[in-house]
Amino acid sequence: GDEKHRCEYSKSNQFMYYLNRNKDKPPPGWKKPTKMIRISYEEWLNKANITDESKLAPDQPHYYYRLIGCGETDPRGDCDDASSEFLFDELTFFQPRPS
């Protein structure tokens, strides 16, 4: 559908994980290596199905589609605003169960 989900964008094929522990003052000249965007599954699928080799090079844009079941955002355990709760309905093996 048209519902937009998280997608991580990189200008290259590099998806580095980073954490700026000092959120107020990043190192001079530091830029996040990736950017979080929101796109529909159809938009992502069109990008993922590109077969033109010139557009698949390591220095070309890459997109990492992210479906998040539930991410805690506060001590109450509320789900992240961008969570995809339908995952538990569609893929029941992800459904949390008591151990």
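Note: hydrogens, waters and symmetry copies are ignored here, and every other heavy atom, side chains too, is used.
Side chain of E43 to backbone of S40: a donor-acceptor contact under 3.5 angstrom is found. S10 places no side-chain N or O within 3.5 Å of a backbone atom of N13 that could act as its donor or acceptor partner.
Environment of NZ in K11: sparse, with no more than 12 heavy atoms of neighbouring residues, nucleotides or ligands closer than 6.0 Å.
Nearest heavy atoms, Y65 versus H5: OH-CD2, 3.0 Å. The heavy-atom pair separating I50 from N46 by the smallest distance is CG1-O, 3.6 Å.
Atom CD1 in I39 sits 6.0 Å away from atom NZ in K47 (nearest 0.5 Å). Here the CD1 atom belonging to I37 is positioned 4.5 Å from the SG atom belonging to C7, to the nearest 0.5 angstrom. The CD atom of E3 lies 8.0 Å from the CZ atom of R38; values are rounded to the nearest 0.5 Å. Between Y64 atom OH and M36 atom CE the span is 9.5 Å, to the nearest 0.5 Å. Annotation: the span from N49 atom CG to W44 atom CH2 amounts to 7.5 Å, rounded to 0.5 Å.
Note on Y9: it clusters hydrophobically with L45, by side-chain heavy-atom contacts below 4.5 Å among ILVMFWY residues.
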Query raised in the report: Passes side chain to side chain contact (heavy atoms under 4.5 Å, CB included), E8 versus Y63? Steps please.
Result: CA-CA 6 Å; E8 194 164 354; Y63 300 85; over 6 Å; no
